[in-house]
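Naming convention: chains lettered A, B, ... in sequence-line order (proteins, then strands); numbering from 1 in each chain.
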Amino acid sequence: MNVAAVVRSADGFTPPGPADFDLPAIGGGSTMDFLGQEAVLGVTKPMLQIVLAAILVFAFFKVASAKRAMVPGKLQFVGEEAYGFVRNSLGREIIGSHDFQKYTPYLFALFFFILLNNLFASIPLLQFPTFSRSGMVYSLALLSWVVYNVAGIRKHGFVGYFKLQSVPAGIGGPMLILLVPLEFMSNILVRPVTLALRLFANMFAGHLLLILFALGGEYLVTEMAIQYAPVGVIAWLLFIAVAFLEILIQFLQAYVFVLLNAMYISGAIADEH
Amino acid sequence: MRAPLTSMTLRASEDGELNPLVPHPIEIVLSLVVFAILFYLARKFVIPAFEAAYTERTRTIRGGLEAAETRQAAADAKLADLDRQLDEASYETARIREEAREQSAAIVAEMREQAAAESVRIVEHGRAQVEAERQQAVTSLRAEVGTLATSLAGRIVVESLENDDLQRRVVDRFLADLEGGPAGQN
């Protein structure tokens, strides 16, 4: 709070905000109006990043899986461990050994796609979390919603599936009037929203925090009186600490997103109570 | 969802600030398309390769384990067989050793018996020989003694005793005495 007060009194520092995430098109471009807000028409950095992430993920695993040696080399070992992590701890453990094979490609691609895009926030020169762009996340959340609902409807039929998701087991009578809408809300309507917001907000806030520490520290050291310089240095030290914390969060958010996907699928295709 | 978003957007626009929750339409499509391509490529190329490697490895390891188990069982059987053979062999040696001991004892006893019989036979033989020689000596001595005694007596009584009759009687009496003496002693 004190820092904020000092910053405001200096009257020269512009704190980072959403504008820092609205990068201009590379090479310039026009804008269009979307939902009352200007949207850049052109190729931006996060757009390139998301394509790069897909290329890198595919290239790495293609090369790692190409050899198929009985005794794996280093690259193949890393690839197999990474694949096995998603396949076994996210797929088999949660969806169950009967059905998980069908969803392994989806979970696998989703996990490493999100993980690499998140890690881009901490990779030098790139240093921008792709999923701090809400649009990028909405589509993945929407896709997750479609995947688990379709899986459930295919298994139980339309009516059977909505009964499974909305009517809690072992409860009868007037309680159902209260519980069925709640269950329907939480299992069908809210899930894609929370999925999207969790990933987006974490990436957005983490990056914003890093910008604040970096720019704030810089401003304290270079623009203000000398006695504020040590505070700026402390801000930079904190910046480094928070950057490491961010790497952990980047991994965790990718993991949680895919974990929840697996749990939703598992719940949707579960046998009726 | 659209209604609250729009109202938030409007408020944000009034402040002149961007609302980060309002998506960029191109980004929605791009993210979906890129992920779809990645998913397709992963399912087509990466997953089958990993799964094939897993399956093959599992099969190899299982095959190896089975082969090892078979070989182990064979080795166990062989070992049991060898143990049994060894037991038999040691039993056999014990039996042979026992037999040899019995045989040697029998041989020793037999040899001892033979030696005893032989010694008895030798002693018998010696005794008979001694008796025969003694008899021979007695016979030759008897002839010698007669002659010697006669010549001795002749020399002593040559002058007085010229008569052959007397001479023969004296000799016969002497011989009868000589024969009777030792015969009576025996």
Side-chain angles (χ1 to χ4, degrees), chain A residues 17-19 21-22 32 34-42 44 46-47 50-51 53-55 57-58 61-62 64-72 76 79-80 83-84 87 101 104-106 108-110 112-113 117 130-140 142-143 193 197 200-201 204, chain B residues 1-69 71:
Chain A
F21 294 83
D22 197 27
M32 63 175 239
F34 185 72
L35 295 178
Q37 194 161 298
E38 276 191 348
V40 177
L41 277 179
T44 60
M47 290 178 184
I50 202 164
V51 176
I55 292 171
V57 167
F58 175 68
F61 284 106
K62 181 80 183 79
S65 67
K67 246 178 106 187
R68 293 196 210 174
M70 268 305 99
V71 180
Q76 192 188 345
E80 280 182 3
Y83 171 67
R87 175 190 190 267
Q101 290 280 21
T104 302
Y106 169 66
F108 166 77
L110 192 63
F112 288 103
F113 185 61
N117 273 309
T130 318
F131 290 129
S132 66
R133 299 294 301 163
S134 56
M136 305 273 198
V137 186
Y138 291 162
S139 50
L140 291 186
L142 187 73
L143 181 67
V193 180
L197 289 184
F200 156 73
F204 185 86
Chain B
M1 213 171 120
R2 180 164 292 186
L5 252 184
T6 318
S7 70
M8 266 172 16
T9 309
L10 287 177
R11 204 163 354 108
S13 307
E14 278 159 19
D15 292 351
E17 282 226 25
L18 290 164
N19 184 342
L21 282 174
V22 175
H24 192 310
I26 296 171
E27 285 174 355
I28 297 180
V29 178
L30 179 76
S31 165
L32 202 59
V33 169
V34 170
F35 177 72
I37 293 170
L38 175 64
F39 167 72
Y40 171 77
L41 291 175
R43 201 180 64 168
K44 178 113 198 216
F45 297 106
V46 176
I47 309 291
F50 276 133
E51 289 297 331
Y54 274 15
T55 316
E56 204 172 328
R57 190 170 300 142
T58 311
R59 204 172 47 226
T60 309
I61 290 171
R62 190 172 292 149
L65 282 178
E66 271 164 14
E69 261 166 31
R71 221 161 285 160

Legend entry - Over all atoms of both residues, closest heavy-atom pair of M136(A) and L30(B): CE-CD2, 4.5 Å
Legend entry - Point-to-point distance, once rounded to the nearest 0.5 Å, from CG of L32(B) to CG of L142(A): 7.5 Å
Legend entry - Pick from P25(B), A42(B), A53(B) with the largest number of heavy-atom pairs that fall under 4.5 Å of chain A: P25(B)
Inset, instruction - Measure the shortest side-chain to side-chain distance between E51(B) and Y83(A) over non-hydrogen atoms and say whether it is less than 4.5 angstrom. - result: yes
Legend entry - Side chain proximity check, Y54(B) to R87(A), heavy atoms < 4.5 angstrom: yes
Inset, instruction - Please tell me if the side chains of F58(A) and Y40(B) come closer than 4.5 Å, counting only heavy atoms from C-beta onward. - result: no
Inset, instruction - Find out whether L38(B) and F112(A) are in side-chain contact, i.e. whether some heavy atom of one side chain is under 4.5 Å from a heavy atom of the other. - result: no
Legend entry - Distance, nearest 0.5 Å, that separates CG of L143(A) from CZ of F39(B): 8.5 Å
Legend entry - Heavy-atom donor-acceptor pair, Y138(A) side chain to E27(B) backbone, under 3.5 Å: no
Legend entry - Least distance between heavy atoms, P23(B) atom then S134(A) atom: CA-OG, 3.6 Å
Inset, instruction - Taking atom CZ of R57(B) as the centre, report whether more than 12 heavy atoms of other residues, nucleotides or ligands fall under 6.0 Å from it. - result: yes
Legend entry - A201(A) versus chain B, the contacting section by heavy-atom distance below 4.5 Å: neither
Inset, instruction - Could you tell me which of V51(A), T104(A), L110(A) has the largest number of non-hydrogen atom pairs under 4.5 Å with chain B? - result: L110(A)
Legend entry - Contacting moiety of Y106(A), where chain B heavy atoms sit under 4.5 Å: both
Legend entry - Heavy-atom side-chain proximity of S65(A) to F45(B) below 4.5 angstrom: no
Inset, instruction - State the CG-CZ distance between L21(B) and F204(A), to the nearest 0.5 angstrom. - result: 8.5 Å
Inset, instruction - Look at G79(A), A64(A), S132(A) and state which one has the largest set of heavy-atom pairs under 4.5 Å with chain B. - result: G79(A)
